[in-house]
Structure formats: C-alpha cells, structure tokens
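As structure tokens, the structure follows; a few thoughts come after it.
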Amino acid sequence: ISEPFRKIWAPFLFENMDTQGSAILFGRIQTYYVFIALVGGLIVAVNAGPILNLISPSPFQEAARIVPIIVLAYVCWSSNMIFESGIFIRKRTDIKLYIVLASAVTNVICNLTLIPLYGALGAAWAVFAGFLVFPICSYFISKKHYFIQYEFGRIFKMLVAGVMTFGLCGIVKTVNQSIILLEIVLAMTFAASLFLFRFFNAEEISMLKSVLLKKRGVVWQWLLLMK
C-alpha cells in the first residue's frame, strides 16, 4: 500500500503545494491514506492467526500475537510520508537525520527495556515505539514550514473503530476461525463503527449513495439478463 503511494505522492505534492486549498486537500489525502492503510492492516492482523494455523507448525503459530503490533507500527511509519511534507517543501531534508536518530534511540531503549521482560512481544512494541517517533516528530517540525489542515478527529475515529473491529474479530476467532466469516465480521463491524462515529461527511455519504445506486443498477440488469 505504501510504496505505490510513495511514488506518486512527491510529484503530486510539489505540483499542488501552491494551489488554493492545498492545505485542506493534503489533509484529506492523509485521512484517506490512513483509512486504506488501516483497512489493509486490519485484514492482515485479523487473519494472521488462522493463516499461520494453516501453513505453519505449532511452534510458529505464536507469531500471530505480534502481527497486529507490527502492522500498527507500519501504519504509523507509512503515514509519515504526508506529515513530513513541510520538510521537503522547504528543502530541510537535513532535519530527517535527527528524526531517524530519535527513532533509532527510542527503538534501542525500548528493546533493552522490553525484551528482557516480554521477549518477542517486547521487541514488537519497541518497533512500534520507534516507528511512532517518525510521524510525531515530522508533524511538529513540518507544520512550522508548511501548514496542512489535518483531520485528526476523523483519524482518531478510524483508530477507535479499528480497535473495536479487531477486538470483536478476536472474540469471533475463539469460536470459529473461518477466514470468510472473519472478513464478513471485519467489513460489517468497521463500516458500522464508522457510521456510528459519524466519520463520513455529507459529500462522502452522497458519493457512497451514488456508487451503491449504480452498482444496484448493474446487479439488476445482470439479474434481468439471467432471467
């Protein structure tokens, strides 16, 4: 998810950085990117256990416990691409060295502290802590060079919906580890949570209705042909 986006983001950023409304546009793109990354991450995290049970012997199946943490770490790390926009716009790439050093120091300290206590699980949390440094530092530094109107409220709603969805899927897995069932529960719970938290704005709801109506028309035509 992150690498294709990374290839198109830089050209798009420099092409549109001086256009009217760019601050809102870039903030909205960040929201949509986190949405896509979070959905992809949920699919991986939820299905890690059942898939490992199918393809690996029992000593390796415990690895499913650290997958959600690593997934969350990569969501944080990849979201840094937009948060660091101001650094690139103002050509202050030298600052990235200090951000990388801060991340590395955080990771080492957390490894030394957590691994003796929690083993591989501690190492996973150390990765998360190190990767979390990237977007936090980049945001606070970049906003001094270039303002972007981020939708933090909506991003927070997504994260809460993601935690709720992962928790419910975890309960379902204790009863039935069917991958198809998990996908259905994931999709319905995440979508319902977003609507419950009023994540979608009026424009997005209108667009969703338009898409669903078009899809319904296609399905209806297909049923008439089959008949």
Side-chain angles (χ1 to χ4, degrees), residues 1-5 27-56 60-83 120-121 124-125 127-129 131-132 135 150-220:
I1 293 171
S2 63
E3 287 309 309
F5 180 79
R28 183 65 53 84
I29 291 173
Q30 175 72 305
T31 301
Y32 291 157
Y33 175 79
V34 173
F35 176 85
I36 295 170
L38 193 59
V39 170
L42 278 171
I43 292 171
V44 173
V46 167
N47 292 293
I51 291 174
L52 284 172
N53 290 342
L54 288 173
I55 68 174
S56 65
F60 295 95
Q61 292 171 8
E62 282 296 310
R65 296 172 58 207
I66 71 171
V67 170
I69 305 169
I70 299 297
V71 164
L72 187 59
Y74 272 94
V75 171
C76 291
W77 174 76
S78 62
S79 67
N80 181 61
M81 286 184 287
I82 299 178
F83 282 132
L121 199 62
W125 281 114
V127 171
F128 169 74
F131 279 9
L132 185 61
Y150 294 108
E151 301 176 328
F152 287 117
R154 300 182 73 201
I155 292 174
F156 178 74
K157 290 177 181 179
M158 273 193 290
L159 293 176
V160 174
V163 170
M164 291 175 58
T165 301
F166 181 76
L168 182 59
C169 288
I171 295 172
V172 172
K173 277 194 289 187
T174 61
V175 180
N176 191 325
Q177 292 207 352
S178 167
I179 293 177
I180 295 176
L181 175 62
L182 287 173
E183 297 305 316
I184 294 172
V185 173
L186 189 157
M188 293 182 64
T189 305
F190 191 61
S193 300
L194 292 178
F195 276 103
L196 177 66
F197 296 144
R198 297 182 179 180
F199 167 79
F200 299 102
N201 58 38
E203 180 185 350
E204 290 163 348
I205 291 174
S206 177
M207 184 178 68
L208 284 171
K209 287 180 178 179
S210 176
V211 171
L212 290 174
L213 286 172
K214 288 180 180 178
K215 293 293 183 182
R216 187 176 68 176
V218 171
V219 172
W220 179 248

### Message
Walk me through whether Phe199 and Val160 qualify under side chain to side chain contact (heavy atoms under 4.5 Å, CB included).
### Response
CA-CA 11 Å; Phe199 167 79; Val160 174; over 6 Å; no

### Task
Could you go through the side chain to side chain contact (heavy atoms under 4.5 Å, CB included) check for Ile69 and Val127 one step at a time?
CA-CA 8 Å; Ile69 305 169; Val127 171; over 6 Å; no

### Task
Quick one: do Val46 and Thr165 satisfy side chain to side chain contact (heavy atoms under 4.5 Å, CB included)? Show the steps, please.
CA-CA 9 Å; Val46 167; Thr165 301; 5.7 Å; no

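Each of Lys157, Arg28, Gln30 was checked for a side chain to side chain donor-acceptor pair (under 3.5 Å) with Glu151, and the lone residue meeting it is Arg28.
Side-chain contact between Leu52 and Glu62 is absent, with no heavy atoms from C-beta onward closer than 4.5 Å. The shortest distance between side-chain heavy atoms of Tyr33 and Ile1 falls below 4.5 Å. The shortest side-chain heavy-atom distance between Phe5 and Ile36 does not fall under the 4.5 Å cut-off.
Under the 3.5 Å distance criterion, the side-chain polar atoms of Ser78 are matched with a main-chain donor or acceptor of Val75. For Ser206 (side chain) and Ala202 (main-chain N/O), no donor-acceptor pair under 3.5 Å exists by modelled atom type. Checked by atom type and distance alone, the side chain of Asn201 pairs as donor or acceptor with a backbone atom of Glu204 at under 3.5 Å.
Between atom CG of residue Leu72 and atom CG of residue Leu159 there is a gap of 7.5 Å, rounded to the nearest 0.5 Å. In this structure, Asn80 CG and Phe131 CZ are separated by 10.5 Å, a value rounded to the nearest 0.5 Å. A distance of 16.0 Å separates CZ in Phe35 from CD1 in Ile29, rounded to the nearest 0.5 Å. For the atom pair CG (Leu42) and CG (Leu182), the distance works out to 12.0 Å, reported to the nearest 0.5 Å. Separation of atoms CD1 (Ile180) and CG (Asn47) is listed at 10.5 Å; rounding is to 0.5 Å. Interatomic distance, CG of Leu196 versus CZ of Arg198, reported as 9.0 Å (0.5 Å rounding).
Smallest separation of non-hydrogen atoms from Met164 and Phe197: SD-CZ, 3.4 Å. Here the shortest heavy-atom pairing between Ile66 and Ala124 reads CB-CB, 3.9 Å. Here the closest non-hydrogen pair linking Met158 and Phe190 is O-CE1, 3.8 Å. When every heavy atom of Gly41 is checked against every heavy atom of Val71, the shortest pair comes out as CA-CG1, 3.2 Å. Smallest separation of non-hydrogen atoms from Ile179 and Pro50: CG1-CB, 4.0 Å. Closest approach of Pro68 to Phe166, counting heavy atoms only: CG-CZ, 3.4 Å.
Between Tyr150 and Phe152, the distance from one ring center to the other falls under 6.0 angstrom.
The environment of OH in Tyr74 is sparse: at most 12 heavy-atom neighbours from other residues, nucleotides or ligands sit within 6.0 Å. Within a 6.0 Å radius of CZ in Phe60, other residues, nucleotides and ligands contribute 12 heavy atoms or fewer.
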